[in-house]
Amino acid sequence: ADMSAVALGKAYGLLKSQQEETLDSINEAFLSDSKYAEEEDLSSKLEMFKKKYMEFDLNDKGEIDLMGLKRMLEKLGLAKTHLELKKMMAEVVGGLSKDTISYNDFLNMMLGGRNAILKLILMFEGMGKEQEHKDVAPPCRKTFSDLP
């Protein structure tokens, strides 16, 4: 693992831009998906979800694994047990015994009707951030409260 950590450091910038390209192309697919045709401001939501997704430590496949999920939640001050993490992940990927959340899974969660715990946490966190910045910057028109 240590060697790959060094290599990853070097490749990190490159990796990030490649990941972003991949995520952008998935966003494109969602934009042209008739299932989401009714979704308001879809492109700005997708842009926001992409940024959020990239805040996670993604694995070499560009997916969120258990460690990435754990670290993100710890950053938010929400340490979870292994079992809780597995439950959260199963909720996102639909109970399949996958141990990563792909960007597709992530978008399906954020845009879908089901309120997965992770979705609620990320939305709450987003709203918390907006509260903090209120008096600094003019409020951003797009807020989570616009989501269905």
Side-chain angles (χ1 to χ4, degrees), residues 1-36 39-133 137 140 142-148:
D2 293 338
M3 268 177 61
S4 64
V6 175
L8 264 178
K10 283 194 194 128
Y12 191 71
L14 185 70
L15 189 72
K16 272 286 181 231
S17 60
Q18 282 173 343
Q19 274 172 359
E20 187 154 11
E21 274 170 37
T22 308
L23 302 185
D24 279 333
S25 62
I26 294 172
N27 277 359
E28 292 297 311
F30 268 77
L31 278 172
S32 52
D33 187 338
S34 56
K35 188 166 128 191
Y36 298 109
E39 189 80 41
E40 267 182 69
D41 289 334
L42 183 59
S43 61
S44 53
K45 281 180 191 167
L46 288 170
E47 191 55 35
M48 185 167 67
F49 296 153
K50 180 184 75 174
K51 289 198 171 80
K52 179 56 74 185
Y53 186 80
M54 290 184 76
E55 283 176 28
F56 285 85
D57 291 323
L58 303 175
N59 67 10
D60 54 3
K61 293 194 200 70
E63 300 191 341
I64 300 170
D65 59 16
L66 216 56
M67 266 327 280
L69 183 59
K70 182 175 174 0
R71 282 195 206 108
M72 180 65 155
L73 293 168
E74 282 168 0
K75 262 194 281 195
L76 302 176
L78 300 164
K80 300 274 178 207
T81 66
H82 191 75
L83 195 65
E84 287 172 317
L85 291 167
K86 280 193 103 63
K87 264 196 194 142
M88 284 170 87
M89 196 165 263
E91 206 180 18
V92 177
V93 296
L96 305 165
S97 54
K98 274 175 58 180
D99 48 8
T100 59
I101 297 171
S102 72
Y103 187 52
N104 271 317
D105 296 327
F106 187 77
L107 289 182
N108 284 323
M109 166 185 78
M110 296 309 273
L111 293 166
R114 291 184 315 131
N115 276 333
I117 292 170
L118 181 59
K119 174 178 175 178
L120 298 174
I121 288 172
L122 294 176
M123 294 207 162
F124 184 74
E125 194 241 343
M127 290 166 83
K129 272 199 181 132
E130 257 152 41
Q131 301 305 318
E132 286 165 35
H133 298 321
C140 179
K142 189 86 214 95
T143 60
F144 281 119
S145 56
D146 302 336
L147 292 184

Would Leu107 and Asn27 count as a side chain to side chain contact (heavy atoms under 4.5 Å, CB included) if you check the C-alpha gap in whole Å, the side-chain angles of each, and the deciding distance to 0.1 Å? CA-CA 9 Å; Leu107 289 182; Asn27 277 359; 3.6 Å; yes

With a 4.5 Å heavy-atom cut-off, do Leu58 and Tyr103 have their side chains touching? no

CG-CD1 distance between Leu31 and Ile26, expressed to the nearest 0.5 angstrom: 12.5 Å

Shortest non-hydrogen contact between Gln19 and Gly62, atoms and distance: NE2-CA, 3.6 Å

Do Leu46 and Met110 touch side chain to side chain, with heavy atoms closer than 4.5 Å? no

Residues in salt bridge (Lys or Arg N to Asp or Glu O under 4.0 Å) contact with Lys51, at least two apart in sequence or another chain: Glu47

Going through the distances and angles, do Leu66 and Asp99 end up as a side chain to side chain contact (heavy atoms under 4.5 Å, CB included)? CA-CA 7 Å; Leu66 216 56; Asp99 48 8; 5.9 Å; no

Rounded to the nearest 0.5 Å, what separation is found between the CG atom of Leu118 and the CE atom of Met89? 8.5 Å

Using modelled atom types and a 3.5 Å cut-off, is there a donor and acceptor pairing between side-chain atoms of Lys119 and backbone atoms of Leu111? no

Once side chain to side chain donor-acceptor pair (under 3.5 Å) is applied, do any residues pair with Glu74, and if so which ones, sequence neighbours excluded? Lys70

For Phe106, give me all partners under ring pair (Phe, Tyr, Trp, His ring centres under 6.0 Å), at least two apart in sequence or on another chain. Tyr53

I'd like to check Asn104 versus Phe30 (side-chain heavy atoms, cut-off strictly below 4.5 Å). Are they in contact? yes

Closest non-hydrogen atoms of Ala116 and Val92, given as atom of the first, atom of the second and distance, are CB-CG2, 4.4 Å

Please step through side chain to side chain contact (heavy atoms under 4.5 Å, CB included) for the pair Met88 and Ile121, ending with a clear verdict. CA-CA 11 Å; Met88 284 170 87; Ile121 288 172; 3.5 Å; yes

Output the distance between atom CG (Leu69) and atom CG (Leu85), rounded to the nearest 0.5 Å. 5.0 Å

The side-chain contact (heavy atoms from CB on, under 4.5 Å) partners of Asp65 (sequence neighbours excluded) come to Asn59, Met67, Thr100

Mind listing the closest non-hydrogen atom pair of Met54 and Leu23 along with its distance? CG-CD1, 3.4 Å

Return the CZ to CG distance between Arg71 and Leu76, rounded to the nearest 0.5 Å. 14.0 Å

Could you note down all residue pairs passing side-chain hydrogen bond (donor to acceptor under 3.5 Å, both in side chains) where residues 82-93 supplies at least one of them, sequence neighbours left out? Thr81-Glu84

Donor-acceptor side-chain pairing of Ser44 and Asp41 below 3.5 angstrom: no

Filter on salt bridge (charged side-chain N to carboxylate O under 4.0 Å, His left out), then keep only pairs touching residues 24-35, sequence neighbours left out; what's left? Asp24-Lys50

As an exercise, state the distance from CZ of Phe49 to CE of Met109, rounded to the nearest 0.5 Å. 8.5 Å

